[in-house]
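To start, the structure under review is shown below, and the notes come after it.
Index from 1, following the sequence. What you see is a predicted model, and the numbers here were worked out from it, not measured in a lab.
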Amino acid sequence: MKKKQPSLAFRLYLIISLIAVGILTIFMITYLYAVSALRTQVFRTNQATLSMYSDLVGTSFYNAERFLSGFAYNDPDVASLQSDDTLARYLALSREQQKLEESLPSHSGIDGFFFFAPRHGVFCSSSQSWVDSTEHKALQAQLQLDLQDGELAPDGSGKWESYQAGGEYYLVRIILHSGVYVGCWVNVETLLMPLQETPLGQDGGVYLFEPDGTLLADGTGIEGIDGYIPSASSEQYDLVGENGDYLAVSWENGEGYYFSAFISDASIRSGMSGIYRMIILTVILLAALFLLLYTAMRRMFIGPMGKLVSAIKRLRDGELGVTVQEAGNVREFSEVNASFNDMSSRIQQLTISVYEQKLKRQQIYLEYLKQQITPHFYINCLNTIYSMAGLGKNDLVRQLSKELSQHLRYTMNSQDTVRLGKELDHVRNYIAMTALRYPDTLQCSIEAAPGSEKALVPPLVLQSFVENTVKYEVVMGEPMEINIRVEKYRRGGAERIHICIWDTGGGYGAEALARIQREASGPSDDASLGDGTKVGISNTIQRLRILFGEDMRIRYSNRPGAGAQCDIFIPYKTEEDLL
């Protein structure tokens, strides 16, 4: 195969394009490197912010835990909360309540303290001034209920636990001593509020995650971060979101929870607008230069050359009679175009002559194939008429003669195609004649989808299969069924016809079926299959191939539970399509 060489115009455009692409590539690499460096700087800066805030929160949590430990283990009034003495219990409750309220202001990172003595249902809590009273009451009721039922209890790990109540998320720390629960709590939203007020919370948000990626909030409002698993890695930033629109920064707070900030990547890249505008301007200038050069080259010689090449391709693709307008101001192109137009005219005349001769030969061959099917059937019918006349069965002789005359009228028409409905009527007529030869033996079932009768098919295309069945499978007195089903379907936007014919005989032998399938799968000049099926099957295949070319498919097989089967797939064409 000859290697296709690129044109001069292609080479010139390629060189210009490579220069333009090289310049743009340098700009893009510079821009991407600058964006990456800026993202890394933003990542590290905000990671340091989260780290410092995490240390502050850790210190606050540590002080709160020390207070709870001293309160639980060293305060004698804690044990008194379990006392059966009502007065002692009441006095202890009063003193503990006062201690919580006095200590709470020194723990600004904690929203509230509480203790609960389940034996007598004694619950007491104190909250910071900024805590909404409704929220405090809802949390107090939920804590008492869950502690009483055992739904909430310290797990012995000494870690803060996530807790949800009243639609809010909290972190709670609980210590159990002498049967009394002592704990503190902080609202996750309150915990994150100082970070939300910094640049971290602009065009994104800051959230608290559990180690497994569970978000301690009802949602982020940021699409595409479901399933995000936080990491405290300081090596590389992550772009998350539906289209990687946010830069994720996370830091572990020492209690197994992660502060995670999502910063809008658009706000980061906004500082690179100068470089971006330079790239756009360069693209515009290169495009303008390329357009000017293209216009000049096209006007001088690429346009006339392209017209000539296009005409040559059209002629090669079979568009006869194509011509090229002569270039008025270029002598070389005028001479080449004149020579091409003369050559195109000669090729058109020669092609038309060859095509007409081919059509004549094809028509003669088609008529030969069609007439090749019928002679032995006529001889059988005449022998049957002769036998019936000898037995005095004049009514059957007249009926068979009538059916035979209709059969001859159909087979002797000169049409290349007929409606499928007429072909089916012809099959019914053939079955009726055959039934007179084999009484109480042959049955035929024909079903055709509405509208399929208008499809054009070669005449006698179905009789070939039916005739082979009668010739090789029908035995006097043994029932035989022939079934014909016609369906319409669509493939690739075009309507098609599927004709399925099968009988209840013994089917094809393995060797014969293999030969039939080979001939049906590809063109063959050999019309003989080497056995009795050679005339009908070969003619069916070749006539379909002549009329429909590669747009038809025929398949022979043995039907499970039955006998031989033939499937024909052809385009759905009607007489109106040929007008």
With a 3.5 Å distance limit and no angle check, can you tell me whether E210 reaches the backbone of T214 through a side-chain donor-acceptor pair? no
Ignoring hydrogens and geometry, is there a side-chain-to-backbone donor-acceptor pair from Q128 to I110 under 3.5 Å? yes
Quick one: do S54 and L56 satisfy side chain to side chain contact (heavy atoms under 4.5 Å, CB included)? Show the steps, please. CA-CA 5 Å; S54 178; L56 291 175; over 6 Å; no
For the backbone of S36 and the side chain of T40, can you confirm whether one donor and one acceptor N or O come within less than 3.5 Å of each other? yes
Can you see whether Q144 engages Q140 through a side-chain donor-acceptor pair at a distance of less than 3.5 angstrom? no
To check you understand the geometry: which heavy-atom pair defines the closest contact between A92 and S80, and what is its length? CB-CB, 3.6 Å
Side chain D238, main chain A248, donor-acceptor under 3.5 Å: no
Got a sec: does the CD of E189 have more than 12 other heavy atoms crowding it under 6.0 Å? no
Does any part of the side chain of N187, heavy atoms only, come nearer than 4.5 Å to the side chain of E135, both counted from C-beta? yes
Taking Y257 for the side chain and W160 for the main chain, is one N or O donor matched with an acceptor at less than 3.5 Å? yes
Does the D75 side chain pair with the main chain of D77, one donor and one acceptor, at a distance under 3.5 Å? yes
Tested for side chain to side chain donor-acceptor pair (under 3.5 Å) against Y489, the lone hit among R496, E495, H498 is R496
Check the pair F116, V180 against side chain to side chain contact (heavy atoms under 4.5 Å, CB included), reporting the backbone distance first and the verdict last. CA-CA 6 Å; F116 175 60; V180 178; 6.0 Å; no
Less than 6.0 angstrom separating the ring centers of W185 and F114, yes or no? no
Less than 4.5 Å apart, any side-chain heavy atom of N483 and any of I501? no
Does a donor on one side chain sit under 3.5 Å from an acceptor on the other, for Y163 and D146? yes
Any heavy-atom pair between the side chains of W251 and Y258 that's under 4.5 Å? no
Does H136 form a side chain to side chain contact (heavy atoms under 4.5 Å, CB included) with S125? I'd like the steps, not just the answer. CA-CA 9 Å; H136 185 196; S125 66; 2.8 Å; yes
Near-ring test Y53/F259, centroid separation under 6.0 angstrom: yes
Which one of V186, D111, V188, L139 satisfies the side-chain contact (heavy atoms from CB on, under 4.5 Å) criterion with Y170? L139
At their closest point, which heavy atom of S69 faces which heavy atom of I175, and how far apart are they? OG-CD1, 3.6 Å
So do the side chains of V57 and L191 get within less than 4.5 Å of each other, counting heavy atoms only? yes
Report the distance from atom CD of Q98 to atom OG of S103, rounding to the nearest 0.5 Å. 10.0 Å
So, taking the atom named CD1 in I174 and the one named CG in L147, what distance separates them when rounded to the nearest 0.5 Å? 5.0 Å
Do R485 and S445 get their side chains close enough for a donor-acceptor pair, meaning under 3.5 Å? yes
Is there side-chain contact between F115 and L100, with at least one heavy-atom pair below 4.5 Å? yes
Do L171 and L208 come close enough that some side-chain heavy atom pair is under 4.5 Å? yes
Run the side chain to side chain contact (heavy atoms under 4.5 Å, CB included) check on I554 and D567 step by step: do they pass? CA-CA 6 Å; I554 184 168; D567 292 275; over 6 Å; no
Take the angle between the ring planes of F209 and F262 and call it parallel below 30°, perpendicular above 60°, tilted in between. perpendicular
pair H107-N63: side-chain heavy atoms closer than 4.5 Å: yes
Shortest non-hydrogen contact between A261 and V206, atoms and distance: CB-CG2, 4.1 Å
Between CG of L104 and CZ of F67, what distance do you get to the nearest 0.5 Å? 8.5 Å
Would you say S452's side chain and A448's backbone share a donor-acceptor pair under 3.5 angstrom? no
Considering residues, nucleotides and ligands other than K99, do more than 12 of their heavy atoms fall under 6.0 Å from its NZ? yes
Near K159 NZ, under 6.0 Å, is it more than 12 heavy atoms from other residues, nucleotides or ligands? yes
Residue pair R559 / C500, side-chain heavy-atom distance below 4.5 Å: yes
